[in-house]
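Everything below concerns the one structure shown next.
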Amino acid sequence: MTTMDHTRAPASNLEALFSTFVIGVTAFLTVVDLFATQAVLPALAAHYSVAPSAMGVAVNATTLGMAASGLFVALFSARINRRHGIMWSLLLLSVPTILLAHAPDLTSFTVLRVIQGMLMAAAFTLTLAHLGESCSQRAAAGAFAAYITGNVASNLVGRLVAAGLVDHFGLATNFYVFAALNAAGAVLVFFTIRNARRMGMPMMPPAPWAAFATHLANPALRTAFAIGFLILFSFIGVFTYVNFVLVRAPFSIAMMSLGLVYFVFAPSILTTPLAGRIAQLFGARIAVWFGLSAAMLSLPLLLAHALPLVLAGMALAAIGTFLAQAVATGFVSQAATADKGAASGLYLASYFLGGLAGSAVLGQLFDRFGWEAAVAGVGVALLLACALAINLQTKGASA
């Protein structure tokens with residue numbers, strides 16, 4: 001048995017623990033530079049001499065690439081070799097990451113971020129499909145939670161590393177280091193993923209558009225796609241523009257200290273693995289409500305003028321959105337009746353489109369009306385997600 005083959009039970013608790021660790025590290029190296037760049041947004045805005053909203057949209061342009069790539073992979077998922085697709089996506093990801101060090105203007109920077117997003121999403125979607133197809137039903141919730149936990153860790157470590165590198169060595173060195181991490185992910189996949197038997201999948205892949213139609217006809221999946229959109233919409237709204245709040249009065253935090261602020265993600269590394277267990281005990285609907293409620297409790301804290309309260313709000317927002325995302329991701333795999341890769345691709349396309357929308361809409365609110373308006377927009381999105389979660393129930397599922 002290889003590290004990421006879950007088609008049979010692990011031989012020991014140690015093997016299971018190592019398998020979970022590798023799943024998390026793979027996720028970490030896939031998306032480590034997705035949100036890390038948010039930690040250096042003020043430095044990038046100064047470098048390109050642009051407004052916060054313009055730089056925020058450029059940095060989060062990865063979400064446009066991820067949405068497009070998610071749809072492409074969803075269409076042709078059944079025909080893509082999982083191991084080769086993940087490995088080559090991560091290896092090629094290092095190329096635009098290196099080129100970002102030399103982007104001469106905001107337009108070229110934005111284009112390179114879109115390309116980064118396309119390659120990240122390909123690796124992300126194919127890995128989720130691999131886990132959904134190769135894990136037993138019992139192991140699936142834990143595997144997805146481990147993958148999202150790696151995502152959480154990349155938010156913390158990526159931001160810390162980016163802030164430190166830019167503060168001490170400049171923007172270019174920052175991108176060189178992240179390119180090396182992307183390549184390391186490809187090496188890890190080469191040694192740890194093998195082509196596992198697809199559990200419960202048909203021998204002949206369905207027509208791509210037929211898989212789309214099947215998933216979009218499923219009310220539970222449509223609900224999960226919409227919730228994913230609103231989760232990243234909210235997350236982007238908080239963690240993109242709070243950087244500009246923190247470097248201004250009354251906080252006036254320096255660049256390196258701004259990186260340290262992102263230790264607020266540390267609690268999420270501990271709570272996100274619980275998502276699978278909470279969903280098993282109470283169902284996806286209650287588990288998503290739990291996560292979204294935690295995120296909503298963060299909103300008044302984010303508006304405080306005391307740094308400890310703002311940091312507590314950021315920690316709560318991270319705990320809530322990551323937990324809800326982990327549950328929704330696992331739910332999509334459970335609710336999909338065929339071609340789980342296509343279902344994962346549709347979910348991620350919706351999820352990342354939400355990030356792009358959040359960056360644009362909440363960025364305009366931030367520029368025109370201030371931080372309070374942006375936080376209010378996040379609150380509306382979270383309330384809508386809570387309302388939609390009422391429909392998170394698979395056909396024939398038990399109470």
Side-chain angles (χ1 to χ4, degrees), residues 34-67 100 103-114 117 155 159 162-163 166 171 229-255 257-259 261-262 264 295-296 298-305 307 309-311 313-314 317-318 321 352-385:
L34 173 59
F35 295 120
T37 314
Q38 288 183 349
V40 295
L41 263 171
L44 285 166
H47 178 75
Y48 289 107
S49 302
V50 295
S53 59
M55 198 68 242
V57 170
V59 164
N60 293 311
T62 45
T63 56
L64 175 61
M66 296 184 95
L100 280 169
D105 51 44
L106 191 64
T107 300
S108 56
F109 184 94
T110 303
V111 170
L112 289 169
R113 286 291 283 175
V114 171
N155 272 268
R159 292 171 199 259
V166 171
L171 287 167
F229 180 98
L230 293 166
I231 288 172
L232 195 59
F233 182 100
S234 304
F235 181 89
I236 289 287
V238 172
F239 290 100
T240 295
Y241 299 107
V242 74
N243 294 285
F244 294 100
V245 173
L246 293 174
V247 297
R248 298 172 181 172
F251 306 114
S252 303
I253 293 176
M255 182 59 64
S257 299
L258 185 61
V261 159
Y262 285 97
V264 295
M296 290 181 66
S298 74
L299 302 183
L301 297 174
L302 292 170
L303 297 175
H305 294 288
L307 184 59
L309 292 179
V310 175
L311 296 181
M314 292 170 68
T321 51
F352 290 118
L353 279 175
L356 184 65
S359 177
V361 173
L362 298 174
Q364 287 301 310
L365 288 176
F366 180 79
D367 274 355
R368 295 170 184 268
F369 305 107
W371 178 231
E372 293 80 4
V375 171
V378 171
V380 171
L382 291 173
L383 283 172
L384 184 55

Please confirm whether the backbone N or O of A103 pairs with a side-chain atom of S108, one donor and one acceptor, at under 3.5 Å? no
Out of curiosity, L356 CG to M66 CE, how far, rounded to the nearest 0.5 Å? 12.0 Å
Separation between OG1 (T37) and CG (L44), nearest 0.5 Å, reads 7.0 Å
Determine the interplanar angle of the F366 and W371 rings, folded into 0 to 90°, and report it as parallel if under 30°, tilted if 30 to 60°, perpendicular if over 60°. perpendicular
Would you call the rings of F229 and F233 parallel, tilted or perpendicular, taking 30° and 60° as the class edges? parallel
Are the side chains of V50 and F109 in contact, using a 4.5 Å heavy-atom criterion? no
Spacing of CG belonging to L365 relative to CD belonging to E372, to within rounding of 0.5 Å: 11.5 Å
In the structure I gave you, are the side-chain heavy atoms of V238 and T321 within less than 4.5 Å of one another anywhere? no
With distance as the sole test, does S234 use its side chain to make a donor-acceptor pair with the main-chain N or O of L230 at under 3.5 Å? yes
Is it the case that the side chain of Y241 and the backbone of I236 share a donor-acceptor pair, with hydrogens and angles ignored and the cut-off at 3.5 Å? no
Within the structure provided, determine whether T110 and L106 are in side-chain contact (heavy-atom separation under 4.5 Å). yes
Could you list the residues that satisfy side chain to side chain donor-acceptor pair (under 3.5 Å) with N243, not counting sequence neighbours? Y262
Between M314 and L246, is there a side-chain heavy-atom distance shorter than 4.5 Å? yes
So do L41 and P52 actually touch side chain to side chain, heavy atoms under 4.5 Å? no
Any heavy-atom pair between the side chains of V378 and L362 that's under 4.5 Å? yes
Rounded to the nearest 0.5 Å, how far apart are OG of S298 and CG of L303? 9.5 Å
Examine distances only and state if a side-chain atom of S53 and a backbone atom of G363 form a donor-acceptor pair shorter than 3.5 Å. no
